[in-house]
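A quick write-up on the structure given underneath.
Proteins come first, then strands; the chains are lettered A, B, ... in the order of their sequence lines, and each starts at number 1.
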Amino acid sequence: GENVEQHPSTLSVQEGDSAVIKCTYSDSASNYFPWYKQELGKGPQLIIDIRSNVGEKKDQRIAVTLNKTAKHFSLHITETQPEDSAVYFCAASRGNRDDKIIFGKGTRLHILP
Amino acid sequence: NAGVTQTPKFQVLKTGQSMTLQCAQDMNHNSMYWYRQDPGMGLRLIYYSASEGTTDKGEVPNGYNVSRLNKREFSLRLESAAPSQTSVYFCASSDRGLAEAFFGQGTRLTVV
């Protein structure tokens with residue numbers, strides 16, 4: 001089955017700097033790659049996603065890149081702010097009739113003042 | 001809109017007791033999921049349901065059963081709770097696997 005590896009498990013960056021979180025997946029049939037942000041005491045919320053027919057997607061300070069050949073995708077957060085401190089999860093899914101969404105183990109991001 | 005509603009929010013069980021976690025969504029989504037979240041382990045899929053009347057095992061199904069009662073509701077049952085099932089449980093729903101999954105607020109379960 002699908003396996004999603006996520007690195008690093010913890011990341012600390014100075015406010016205003018950039019943060020990068022990387023994920024790899026094992027199932028070459030996966031074609032949907034969402035990223036979720038989880039704040040303390042809450043359920044995860046989608047922040048950005050990318051489909052296999054796209055190599056890069058950007059939404060304000062957040063961008064995601066996908067390399068299907070290498071089976072890895074990354075989240076980039078620029079100009080980090082205190083409210084970016086949270087746990088971030090990557091995930092992968094085949095879609096179609098097999099609707100499992102498999103998550104990575106998460107990255108705890110600390111934005112340092 | 002309520003979105004995804006889970007009950008209860010907190011529960012303490014004794015080893016061997018049974019209980020059912022309830023989940024309901026009001027977004028007319030086809031797919032529903034149960035995950036457990038443990039420190040350092042991320043979100044692990046227990047069971048999922050791609051449509052009403054179907055359920056499939058995820059990564060960690062042992063010790064759990066599920067019921068997709070109708071399109072809105074997807075329940076998770078622990079028949080004989082064990083301390084290893086102490087965790088935070090999240091229910092989620094999506095309009096198939098290629099769309100955003102919406103999560104409930106979670107159920108914090110402690111088995112003593």
Side-chain angles (χ1 to χ4, degrees), chain A residues 1-10 21 23-27 29-54 57 59 64 66 86-109, chain B residues 2-7 9-10 21 23 25 27 29-61 66 68 74 87-108:
Chain A
E2 174 69 281
N3 183 49
V4 178
E5 299 281 343
Q6 183 172 346
H7 299 280
S9 57
T10 305
I21 302 170
C23 290
T24 60
Y25 61 98
S26 62
D27 186 354
S30 290
N31 54 14
Y32 175 62
F33 307 93
W35 287 87
Y36 287 80
K37 177 182 181 181
Q38 185 180 29
E39 297 177 340
L40 196 63
K42 297 184 178 181
Q45 283 193 298
L46 182 77
I47 55 171
I48 194 167
D49 57 13
I50 191 167
R51 286 167 171 74
S52 60
N53 59 346
V54 175
K57 184 176 179 181
D59 182 4
V64 57
L66 171 65
V87 179
Y88 292 82
F89 292 98
C90 62
S93 171
R94 286 186 176 187
N96 301 318
R97 293 184 64 82
D98 183 351
D99 292 316
K100 287 186 295 185
I101 304 175
I102 301 299
F103 285 79
K105 291 185 178 180
T107 296
R108 184 172 296 279
L109 176 63
Chain B
V4 178
T5 303
Q6 289 182 237
T7 55
K9 288 187 170 54
F10 301 94
L21 280 63
C23 176
Q25 52 94 6
M27 294 171 283
H29 285 165
N30 290 300
S31 299
M32 297 187 74
Y33 314 84
W34 276 106
Y35 291 90
R36 60 177 289 174
Q37 184 173 27
D38 304 292
M41 298 299 291
L43 291 159
R44 291 185 292 172
L45 182 64
I46 305 171
Y47 271 92
Y48 68 106
S49 170
S51 62
E52 183 180 351
T54 68
T55 60
D56 287 285
K57 294 179 180 179
E59 302 166 276
V60 289
V66 290
R68 184 72 182 268
F74 189 38
S87 187
V88 180
Y89 291 84
F90 285 100
C91 176
S93 71
S94 76
D95 191 11
R96 295 293 181 189
L98 282 176
E100 177 178 1
F102 292 83
F103 283 80
Q105 290 294 305
T107 296
R108 185 173 293 276

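Scanning all heavy atoms of the two residues, the minimum distance from B/Met41 to A/Lys105 falls at O-CG, 3.9 Å. The heavy-atom pair separating A/Ile101 from B/Tyr33 by the smallest distance is CD1-OH, 3.6 Å.
Ranking A/Gly43, A/Pro44, A/Gly106 against chain B, the residue ahead of the rest is A/Pro44, based on heavy-atom pairs under 4.5 Å. Ranked by heavy-atom pairs under 4.5 Å with chain A, the list B/Ser51, B/Gly104, B/Ala101, B/Ala92 is led by B/Ala101.
Proximity to chain A (any heavy atom under 4.5 Å) is restricted, for B/Leu45, to the side chain, taken from C-beta onward. Contact annotation for A/Pro34: neither backbone nor side-chain heavy atoms come within less than 4.5 Å of a heavy atom of chain B. Of the two parts of B/Glu59, only the side chain, counted from C-beta on, holds a non-hydrogen atom closer than 4.5 Å to a non-hydrogen atom of chain A. A/Phe33 does not touch chain B: none of its heavy atoms, backbone or side chain, sits under 4.5 Å away.
A donor-acceptor contact closer than 3.5 angstrom links the side chains of A/Gln38 and B/Gln37.
Environment of CZ in B/Arg44: crowded, with over 12 heavy atoms of neighbouring residues, nucleotides or ligands closer than 6.0 Å.
Rounded to the nearest 0.5 angstrom, B/Tyr35 OH and A/Ile102 CD1 are separated by 6.0 Å. Note: B/Phe102 CZ to A/Gln45 CD = 9.0 Å, rounded to the nearest 0.5 Å.
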